[in-house]
Participant: 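Got a structure here, written out as structure tokens. Questions coming.
What's counted below: heavy atoms across the whole structure, side chains too, no hydrogens, waters or symmetry copies.
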Amino acid sequence: MKLNYLRFGTTAFLWLLGTALVSGQQLADQSEIDLKDLSSFKTPGKTWTLAGGVTANLNEVNVLNVAKGTGILVNIPTKKDHGSDLLTIGEHGDIVLELDYLLAKGANSGIYLQGVYEIQLEDSWGILKPTSSNNGGIYQRWDDSKPEGQQGYQGYAPRQNVSKAPGLWQHIKIAFQAPRFDASGNKTANARILRIELNGVLIHDNIELFGATRGANDKEKALGALRLQGDHGAVAFKNIKTSKLPTETQNGRQRGDDTDPIYIDVATTPNIRSFVDVPNGGPKVVHAISVGSPTQVHFSYDLDNGALFQAWHGEFVDATPMWHDRGNGTSRPRGSVTAFTKKPVPTLAKLTDAQGAWLADTTGTGFKTKGYTLDAQERPTFNYNIYGTKVTDAIKAIEKGQGLSREIVLETPVDNIYALIADASSVEEVSKGLYLVDGQSFYLKFDDTKDKPVIRDVDGRKQLVVLVRGKLNYSILF
């Protein structure tokens, strides 16, 4: 067997050579499934509809709230109608598939490639040790003839759990190589999951599929319909894009691929000082600290502005850019990053009212960092002076690994001090004290704020600011 490397984005991955491509890959030629109506699907059941918007209820299982419109494919089973799977009219062999999906609390669904190989979709928010049955897992094969407890086999867990909360959009990208058959219909090569990225993180790499997974609707074949599971819970899909599997190959790895990564273990080094690049092309934070947690919820903080600028689920930190060879001083998250701003600015500002212009930096505020203190679990509380008062900023992972809690305390209250909590493309209050932010990327939750947060428009973006009367508590769920 000859193994080479195939480009997928900017990263190389293994694939199986020496087999002819099957013609007629209709889905791979479409580029995107049009969700203006349901005409791309075979006999959709009554639980499948289209919507213009979808939100989840964090307190109720299998509940999605929908807004009228199109562009989002929604499945909401009921007690009377448990739902059915949805199959595309077009079929596929080799394919690159990517889409966004959103799950209700406790929901379960799946993507069946060619109708027979399932990639599990599940509300796995906060799970520490994922299995093949959790979000992003390649589901097990099944053999009823085997002893009890051994019927399931050849399932593949994701490398790490980078799942988001119910009601938040998640993105998955799958590179799939279909099985090969000879002229007599005999299988000559197994199917392969060449690569799966979930929420921007590699979770599977070059997995050979020796047969159909449990729940397959047919035997293995050269072409098959894409199938979305519809009888296990409330789920929504959008931006369903398909493309042909790239055929460009190269001998060996790209330069730098052979570098042994330098990973930071949160158990031994829960906090690391370094440069950190703000996601999505933002600036480099030169006085940053990244703080890890055994719950696999981590964050980065800008000491120059008292600003929390990113957090992530999954593994902690990759320090390879920082320490390999000469290094550039930068570390980066290993998990799925949620960015809270495009450019860190001071968290606190003194304004005449809630509509006042925010500060670009700390000039004129009397800001002076006082470092941080560690508790018994080595969790830092950040300290700084601003506007003549001492500020403590305590950010901690929520116990079940579902996000962060934050408490900002002013030692001596100062009039008209506001906190900038969000600067994003969108901010929407979905229930009392609960806000959806940045195209449903994360939630902000306020339980006992004395003053209601204010959503304001600034240069085409939304900002959420709140008056700080000595103390402010809120949670970030993502």
Participant: Just by distance, no angles: are the side chains of Gln229 and Asp85 close enough, under 3.5 Å, to form a donor-acceptor pair?
Facilitator: no

Participant: Can Glu429 and Lys452 be counted as an ion pair, charged N to O under 4.0 angstrom?
Facilitator: yes

Participant: Take Phe309 and Tyr301 through the test ring-ring contact (aromatic ring centres under 6.0 Å, His included) and record every step on the way to the result.
Facilitator: CA-CA 6 Å; Phe309 64 92; Tyr301 189 90; 8.4 Å; no

Participant: Would you say Thr47 and Asp81 are linked by a side-chain donor-acceptor pair, where the criterion is simply a distance under 3.5 Å?
Facilitator: no

Participant: Taking the side chain as every heavy atom from C-beta outward, state whether Ser109 and Tyr101 have any atom pair closer than 4.5 Å.
Facilitator: no

Participant: For the residue pair Leu73 and Leu50, establish whether any side-chain heavy-atom pair is separated by less than 4.5 Å.
Facilitator: yes

Participant: How about Tyr387 and Asp415: do any of their side-chain heavy atoms sit closer than 4.5 Å?
Facilitator: no

Participant: Determine, using ring centers only, whether Phe478 and Tyr443 are less than 6.0 Å apart.
Facilitator: no

Participant: Are His171 and Asp100 close enough that a side-chain donor and a side-chain acceptor fall under 3.5 Å?
Facilitator: yes

Participant: Asp277: which residues meet the salt bridge (charged side-chain N to carboxylate O under 4.0 Å, His left out) condition with it, sequence neighbours left out?
Facilitator: Lys284

Participant: Do Leu228 and Ile111 come within less than 4.5 Å of each other through their side chains, counting heavy atoms only?
Facilitator: yes

Participant: Determine whether the side chains of His82 and Asp231 contain a donor N or O and an acceptor N or O closer than 3.5 Å.
Facilitator: no

Participant: Would you be so kind as to tabulate the donor-acceptor pairs closer than 3.5 Å made by side chains of residues 346-354, with sequence neighbours excluded?
Facilitator:
| unit_1 | atom_1 | unit_2 | atom_2 | d |
| --- | --- | --- | --- | --- |
| Thr347 | OG1 | Gly306 | O | 2.5 |
| Asp353 | OD1 | Gln355 | N | 2.8 |
| Asp353 | OD1 | Gly356 | N | 3.3 |

Participant: Under 6.0 Å between ring centres: does that hold for His204 and Tyr156?
Facilitator: no

Participant: Take a 6.0 Å sphere around NZ of Lys342 and say whether it holds more than 12 heavy atoms from other residues, nucleotides or ligands.
Facilitator: no

Participant: Would you find a donor on one side and an acceptor on the other, under 3.5 Å apart, between the side chain of Trp125 and the backbone of Gln402?
Facilitator: yes

Participant: Indicate whether any N or O donor in one side chain lies under 3.5 Å from an N or O acceptor in the other, for Asn135 and Ser163.
Facilitator: yes

Participant: Between Trp323 and Arg326 (side chain of the first, backbone of the second, donor and acceptor by atom type, cut-off under 3.5 Å), is there such a pair?
Facilitator: no

Participant: Kindly say whether Thr242 contributes a backbone atom to a donor-acceptor pair with the side chain of His92 at under 3.5 angstrom?
Facilitator: no

Participant: Under 3.5 Å, is there a donor-acceptor pair linking the side chains of Tyr139 and Gln120?
Facilitator: no

Participant: State, without any angle test, whether Ser300 and Gln310 hold a side-chain donor-acceptor pair at a distance under 3.5 Å.
Facilitator: yes

